[in-house]
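What follows is one structure encoded as structure tokens, with my remarks underneath.
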Amino acid sequence: MLPLPRRLDPLLRDPATLVAAASTQRHLRELHAHLLVSGRLASRSLHAALLASLASSDDRHLSYARLLLPRRPATLLVHNSLLRALACGQRPHLAFGAFRDLPLAPDNYSFTFLVRAATALAASTPGVAPGLDANLIAGSVHASALRRGHATDTHVQSGVVSMYAAAGDVGAARTAFAEIASPDVVCVTAMVGALATGGEVDAARELFDGTPQRDHVAWNAMIAGYVHVGRSREALKVFDKMQHAGAAVGEATLVSVLTACAQLGALERGKWVHSYLCNRGMRVSVTLGTALVDMYSKCGAVAAAMDVFESMGERNVYTWTSAVSGLAMNGMGRQCLELFSRMGRAGVEPNGVTFVAVLRGCSMAGLVDEGRACFDSIKSKHRIDPWLEHYGCTVDLYGRAGRFDDAISFINAMPVEPHEGVWGALLNASRIHKNVELGKYAMNKLIAIESKNDAAHVLLSNIYAESQNWKGVSNVRNMMKAKGVKKLPGCSAIEFDGRVYEFFVGGKTHPRYKEIEMMLAEMTERLKIQGYVANTKDVMFDIEEEEKEGAISLHSEKLALAFGLIALPEGTEIRIVKNLRVCKDCHDYTKLVSKVFNREIVMRDRNRFHHFKDGACSCKDYW
DNA sequence: CTAGGGTTAG
């Protein structure tokens, strides 16, 4: 064997580095020549490894890999390596061509890679392989495996189940799973995952509970499934059971758990996860770090979110978007824009989601011109076709600032038909600026698209109420009755002692209801001394609830607030998560409570955060 | 010197 140039020595130990080092075709040819002449390429394993890493690097090298392929007598091993590289690469559909051109009969390995390619294709964003239908491909890949007698291989079986899941066909996954004679753990887990991510969490849970075959991945699938459909409290319960069962808690687990905490606004629990992973010396990967940033942001702890963000070594578009969005929903528009431009300097390309966040940041902080410039840059600079949401955000931007003419001409200039979000933004702006005529106009446009939009009806009614137009208010209510529009009940949640407690309007079910009632009386008494006058203008939408016998006619956030004052130790923040927007009365009320009781109160509403302190709110009464 | 299932932003 001829000696190789010294500099190639270390590269040989790892063909992947070798390929990476060959930045041009010329380098590659040189390396290839050396390997060939020195006789090293005769080694079957090196040949296979070289091929595989060539194939997975990029298109130039991929073609080189194909060139290399016929240089040696065909072995399935080498061809399967290529298949694997293609299936796991950027353009998974290339594996189909390679599969068709196999010079030997495919074996079970070939099929696992083929299945993987179909899975990757189904999961990939549209546009990776235009013209290919992931569902059709999934079906034919499965059929092909059956025909060739490899559908009984357990790796193929589990792969097929998750392939159908990735293609969004839970039914097909079910059928495929039902035909497996004795599914192993991985197959069962694949099915649990297919059901859980396909939105059928209860079915997933049933399968999960009914099998002794469960490992940590199955637990992870269950937790992720609950989070996926917004049943985060159940996700946390499963996590508790998982720890009790002694299953291995890993990164995937914690990412889902953090997402659950973010949804619930469960800061204490989220902090616990953070220290848990620190104590266990886990590496904070991009994914985990992003989940932490998101959790802290959505719990209103922006400073903590930014600390994690700054400490991260690697950040991707998800990370940046989470951070930008965190600043936006906490009303920190300036900082949000600054971070966004830093993102540009860091060379991370924003996507549509990033722009939703930036536009919302501008809108919350009243940065109209900056926001408009940002909207224009979506297409001109970033070559993204603006989404309907981007239009909606921009209408919101103008509308909040009271620039109705700009808002209207912006809508008129839209190249696409405005959707309910656009009219909803205009409707909300009409409420903020008490513009009845514009509100009616927006409402008519909106109900032409979505006649039963409950939030819109509430907004319109509030507009009437604020202008003392009680006839208008009752008209809206009659309209709602006639159309059967149901208002989503308000719900406020508060975390106490590691548990999340929920309060509904008129809810009397809480075990400490008596205490809450007494505290409410005390609160109102002490607030009255400060000159608080109940503002019942916006409250009328809970009349239905008030009519219920004995129900207390208070919005859920007041109940949660009272509970917080009772249960949480003095000096700690009270954090409340509400599923709807806060009404004016509750907002005033909470401001006063923060002063009279000398407590900081953080309230997350449907759209944003309110940080109450000393009788003022961070939103500057602009929401 | 080839395999399967779970994980982040609106």
Side-chain angles (χ1 to χ4, degrees), chain A residues 15 43-49 51-52 75-85 87-88 107-116 119 150 153-163 165-166 173 177 183-194 196-197 204 213-225 227-228 242 247-248 250-259 262 285-295 297-298 315-326 328-329 350-360 387-390 392-393 421 607:
Chain A
S43 146
R44 191 162 276 188
S45 61
L46 184 72
H47 184 254
L51 240 162
T75 64
L76 250 189
L77 182 80
V78 165
H79 282 273
N80 285 344
S81 294
L82 183 66
L83 276 182
R84 180 177 77 82
C88 300
D107 63 0
N108 49 338
Y109 283 84
S110 320
F111 273 100
T112 46
F113 301 136
L114 191 68
V115 168
R116 171 167 268 279
T119 308
H150 290 299
D153 180 279
T154 172
H155 292 85
V156 174
Q157 285 170 334
S158 54
V160 163
V161 169
S162 44
M163 171 181 73
F177 181 72
D184 70 353
V185 211
V186 179
C187 286
V188 175
T189 305
M191 193 59 225
V192 170
T197 56
Q213 309 254 57
R214 39 168 134 150
D215 58 7
H216 68 281
V217 180
W219 285 98
N220 292 347
M222 270 322 305
I223 296 172
V227 171
H228 197 70
M242 176 183 185
E251 178 173 333
T253 322
L254 296 184
V255 167
S256 291
V257 171
L258 284 169
T259 310
S285 65
V286 205
T287 312
L288 197 49
T290 304
L292 280 169
V293 171
D294 186 51
M295 181 277 294
S297 301
K298 288 191 181 146
R315 307 178 185 110
N316 60 22
V317 61
Y318 286 74
T319 321
W320 285 96
T321 304
S322 282
V324 166
S325 159
M329 65 190 155
N351 61 24
V353 182
T354 319
F355 283 108
V356 172
V358 184
L359 288 172
R360 295 193 65 209
W387 302 349
L388 281 166
E389 273 134 305
H390 298 137
C393 288
N607 296 320

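Naming convention: chains lettered A, B, ... in sequence-line order (proteins, then strands); numbering from 1 in each chain. Since this is a predicted model, take the numbers as computed values, not measurements.
For the residue pair A:Thr319 / A:Asn316, a side-chain donor-acceptor distance below 3.5 Å is found, with atom types taken as modelled.
In the interface, the side chain of A:Thr154 is paired with the base of B:dG4 through a donor and an acceptor atom under 3.5 Å apart. Checked by distance alone, A:Ser158 brings no side-chain donor or acceptor within 3.5 Å of a matching partner on the base of B:dG5. Taking 3.5 Å as the limit, the base of B:dA3 and the side chain of A:Asn80 contain no donor-acceptor pair of atoms between them. Under 3.5 Å, the side chain of A:Asp184 and the base of B:dG4 form at least one donor-acceptor pair of N or O atoms.
Closest contact between the side chain of A:Thr112 and the listed nucleotides B:dA9, B:dG5, B:dA3 involves B:dA3. Considering only side-chain atoms of A:Asn316, the nucleotide from B:dT7, B:dT8, B:dT2 that sits closest is B:dT8. Among the nucleotides B:dG6, B:dA9, B:dC1, the one closest to the side chain of A:Ala221 is B:dG6. Listed nucleotides: B:dA3, B:dG5, B:dG6. Nearest to the side chain of A:Phe113: B:dA3.
The CG-P distance, from A:Leu288 to B:dA9, rounds to 13 Å in whole Å. Atom CG in A:Leu82 sits roughly 16 Å away from atom C1' in B:dA3 (whole-Å rounding). In this entry the distance linking CG of A:Asp153 with P of B:dG5 reads 13 Å, nearest Å. A straight line from CZ of A:Arg84 to P of B:dA3 spans 5 Å, rounded to a whole angstrom. One atom, CG of A:Asn220, and another, C1' of B:dT7, lie 8 Å apart when rounded to the nearest Å. Spacing between atom CZ of A:Phe177 and atom P of B:dG5 amounts to 15 Å, rounded to whole angstrom units. Rounded to whole Å, atom C1' of B:dT2 lies 10 Å from atom CG of A:Leu83. We find that CD1 of A:Ile223 is positioned 15 Å from C1' of B:dT8, with the value rounded to whole Å.
For B:dG5, one of the phosphate oxygens OP1 or OP2 lies less than 4.0 angstrom from a side-chain nitrogen or oxygen of A:Arg116.
By the 4.5 Å heavy-atom criterion applied to side chains, A:Arg116 and A:Arg84 are not counted as neighbours.
For A:Ala357, the side chain to side chain contact (heavy atoms under 4.5 Å, CB included) test picks out A:Val324, A:Ser325, with sequence neighbours left out. When the side-chain hydrogen bond (donor to acceptor under 3.5 Å, both in side chains) test is applied to A:Asp215, no partner is found at least two apart in sequence or on another chain.
As judged by a 4.0 angstrom heavy-atom cut-off over every strand, A:Asp294 is placed among residues touching the sugar-phosphate backbone only. Within the nucleic acid shown, A:Ser322 comes within 4.0 Å of sugar-phosphate atoms alone, with no base atom in reach, counting heavy atoms only. Across all strands shown, A:Ser285 has no heavy atoms under 4.0 Å from either base or sugar-phosphate atoms. A:Phe355 comes within contact range of no nucleotide atom at all, as no heavy-atom separation falls under 4.0 Å. Within the nucleic acid shown, A:Ala357 has no heavy atom closer than 4.0 Å to any nucleic acid atom. Backbone-only engagement by A:Ser162 is indicated by non-hydrogen atom pairs under 4.0 Å involving sugar-phosphate atoms exclusively.
Once the 5.5 Å centre distance and the 30° plane angle are applied, the aromatic ring of A:His155 is found not to be stacked with the base of B:dG4.
Checking A:Leu76, A:Leu83, A:Asp153, A:Asn80 one by one against A:Tyr109, the side chain to side chain contact (heavy atoms under 4.5 Å, CB included) holds for a single residue, A:Asn80.
Classification of the A:Phe111-A:His150 ring pair by plane angle, with boundaries at 30° and 60°, yields tilted.
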